[in-house]
Number of protein chains: 2
Amino acid sequence: MTQSRPRIPEATVARLAVYLRVLTGLAGGGRSTVSSGELASAAGVNPAGLRKDLSHLGPCGVRGVGYDVATLRDRIARVLGVEQSRACVLVGIGNLGTALADYAGFGSRGFRFVGLFDAAPARVGQRIGGQPVRPMAELDEVVAATAATIGVIATPAEVAQPVCDRLTTAGVRSILNFAPVALAAPPEVDVRQVDLSVELQVLAFLGQQRSDAAGSLEVLA
Amino acid sequence: MTQSRPRIPEATVARLAVYLRVLTGLAGGGRSTVSSGELASAAGVNPAGLRKDLSHLGPCGVRGVGYDVATLRDRIARVLGVEQSRACVLVGIGNLGTALADYAGFGSRGFRFVGLFDAAPARVGQRIGGQPVRPMAELDEVVAATAATIGVIATPAEVAQPVCDRLTTAGVRSILNFAPVALAAPPEVDVRQVDLSVELQVLAFLGQQRSDAAGSLEVLA
DNA sequence: AACCGCTTGTGAACGCAGGAACAAAGTCGC
DNA sequence: GCGACTTTGTTCCTGCGTTCACAAGCGGTT
């Protein structure tokens, strides 16, 4: 019963990733300590919530002083598993796929793309960020050879499900899906959905709601 | 007191956008009615939750039959404000910005980009999706002329805050930020943050946690 | 050595989201 | 025309996430 992993809530994990980014920036700037208030402000969250998030890692601050930047950064990095670089494959090298493959932010966060795949013969062979685009036929081979556990789908919606199936049979355990469809996958595979236009629609709705409230117009059917 | 807007929860709004997408697809396929179970399955949510979400719009289904696809689609579209096309400006035409500008999904969801901006002279003048990239100097002019209320930031993190400031002073009311920094903005401006690598890190953490639990290895400091 | 101010860590209350179960209501079959 | 089935809309409940507020602890100062 080594209950040393007290089930960190998912919302906390997402914020820990943000704290890690801020702390890395602070360490680069030469700061040695931060208070919870300052760190919370930089991360855009509530100070009390930040302290509660950090409490899941055990005591890691000094009362009256704050947190040691480098120590906290390393601790979060270890919990998040950033120390070991994770192999990812990316399917769908369109505009979005190219942006993801080129995004420098992934490399510094413990991710490396070990395979870029596209079904279009015209794209195969192009080099993105120093890597060649491969045909889908090589997917299983690359996943097996690199032990990649994470797959990213940036294809059109129509082919996302078959791509998801191929990734799961190839042995991928976690999938990040940018295509605007709900994917069906076996229960042992985690699927996370990111829909860019949903974010935009929520934003538009909030803005509309607020302007309605401000004008208090009766615009109804 | 036209309290006909009973404050729809934000989580529900996000799901309504998903339902709208599914319903549009069903309508295109010629379907006339759907049950909550089928719609929930296609959207990847629980049927009971879907019905609860829809109950915020008032009764809009027929018991024993289901929902009329076209009627429900139009109703959600009206609540979300998709009927009127919303003008957006996009700053930062790198890989991600190009992907966003080209993404056809926005146009069909009631958004149109009325201005693409970049600070790099080399990018100004390029045409993306039939539109020219403009210099930052024209930002205020375009926002004023088109009454754009939404701004999208796809710049490097270092310049995201100044860009945010320029957008707010130009009159933009809502901002969708893809740069990995927390933005400071006046309270009357809504800011929504999307961090692609945070999603990936959460996914990696969940996968790591599960494999730790499966092997029940004692890997601790 | 003792005091004081500052900051963390934790405990409790509040509000919200999610899920299951049940009643209302409408349609189809006889 | 009536009964049974199907599906919605609602209600309750459980659990989680977030926030506020306070006690504990450490460093610096006198």
Side-chain angles (χ1 to χ4, degrees), chain A residues 5-19 22-23 26 31-69 71-73 75-76 79 182 187 193 198 202 205-206 209, chain B residues 6-19 22-23 26 31-69 71-73 75-76 79 182 193 198 202 205-206 209:
Chain A
R5 312 258 177 175
R7 296 181 203 87
I8 302 180
E10 189 171 314
T12 294
V13 173
R15 283 189 296 266
L16 284 177
V18 177
Y19 306 154
V22 175
L23 286 167
L26 287 173
R31 280 291 293 274
S32 59
T33 59
V34 260
S35 67
S36 64
E38 192 178 358
L39 190 54
S41 162
V45 301
N46 186 296
L50 182 140
R51 290 199 298 272
K52 178 157 290 213
D53 286 338
L54 262 44
S55 74
H56 288 108
L57 317 179
C60 44
V62 180
R63 298 173 190 236
V65 178
Y67 300 93
D68 182 79
V69 172
T71 304
L72 185 56
R73 165 173 56 85
R75 193 154 192 176
I76 295 178
V79 170
Q193 178 79 27
V198 164
V202 172
F205 176 81
L206 295 176
Q209 191 174 246
Chain B
R7 295 181 201 89
I8 302 180
E10 191 171 313
T12 293
V13 173
R15 283 188 297 264
L16 284 178
V18 177
Y19 306 154
V22 176
L23 287 167
L26 287 173
R31 280 292 294 274
S32 59
T33 60
V34 261
S35 67
S36 65
E38 193 178 358
L39 190 54
S41 162
V45 300
N46 185 293
L50 181 140
R51 291 200 295 274
K52 178 171 291 194
D53 287 338
L54 262 42
S55 74
H56 287 109
L57 317 178
C60 44
V62 179
R63 297 174 191 234
V65 178
Y67 300 93
D68 182 79
V69 171
T71 305
L72 185 57
R73 165 173 55 86
R75 193 154 191 174
I76 294 179
V79 170
Q193 178 80 25
V198 165
V202 172
F205 176 81
L206 294 177
Q209 194 175 43

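Because the structure is predicted, anything quoted here is derived from the model rather than measured. Every chain is numbered from 1 and lettered A, B, ... according to where its sequence line falls, protein lines coming before strand lines.
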Can you confirm whether [X] sits close enough to [Y] that some side-chain heavy atom of one is under 4.5 Å from a side-chain heavy atom of the other?
X	Y	result
B:L23	B:Y67	no
B:L54	B:L16	yes
A:I8	A:L57	yes
A:L39	A:L72	yes

Looking only at non-hydrogen atoms, find the nearest pair between B:G44 and A:A182 and report the distance.
->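 Closest pair (atom of B:G44, atom of A:A182, distance): N-CB, 4.0 Å.
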Every protein N/O within reach of nucleotides 11-18 of chain C N/O, cut-off under 3.5 Å:
residue	atom	partner	partner atom	Å
C:dA12	N6	A:K52	NZ	3.1
C:dG18	OP1	B:R15	NH1	3.1
C:dG18	OP2	B:R15	NH1	3.0
C:dG18	OP2	B:R15	NH2	2.8

Side-chain N or O of [X] versus OP1/OP2 of [N]: is the shortest distance under 4.0 Å?
X	N	result
B:Y67	D:dT6	no
A:S55	C:dG9	no
B:S36	D:dT7	no

Nearest-Å distance for atom pair NE2/P, residues A:H56 and D:dC16 =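 Roughly 11 Å, once rounded to whole Å.
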For atom CG of B:L72 and atom C1' of D:dT7, their distance in whole Å |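 Rounding to the nearest Å, CG of B:L72 and C1' of D:dT7 are 14 Å apart.
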To the nearest 0.5 Å, how far apart are CG in A:L26 and CZ in A:R73?
->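 The CZ atom of A:R73 is 10.5 Å from CG of A:L26, to the nearest 0.5 Å.
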Does any pair with a residue in residues 40-62 of chain A pass salt bridge (Lys or Arg N to Asp or Glu O under 4.0 Å), and if so which ones, sequence neighbours excluded?
->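 The answer is A:R15-A:D53.
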Please confirm whether the backbone N or O of B:V69 pairs with a side-chain atom of B:R31, one donor and one acceptor, at under 3.5 Å?
->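 Checked: no pair found.
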Report, one pair per line, the protein and nucleotides 22-30 of chain D atoms (nitrogen or oxygen only) whose separation is under 3.5 Å.
residue	atom	partner	partner atom	Å
D:dA24	N3	A:R63	NH1	2.8

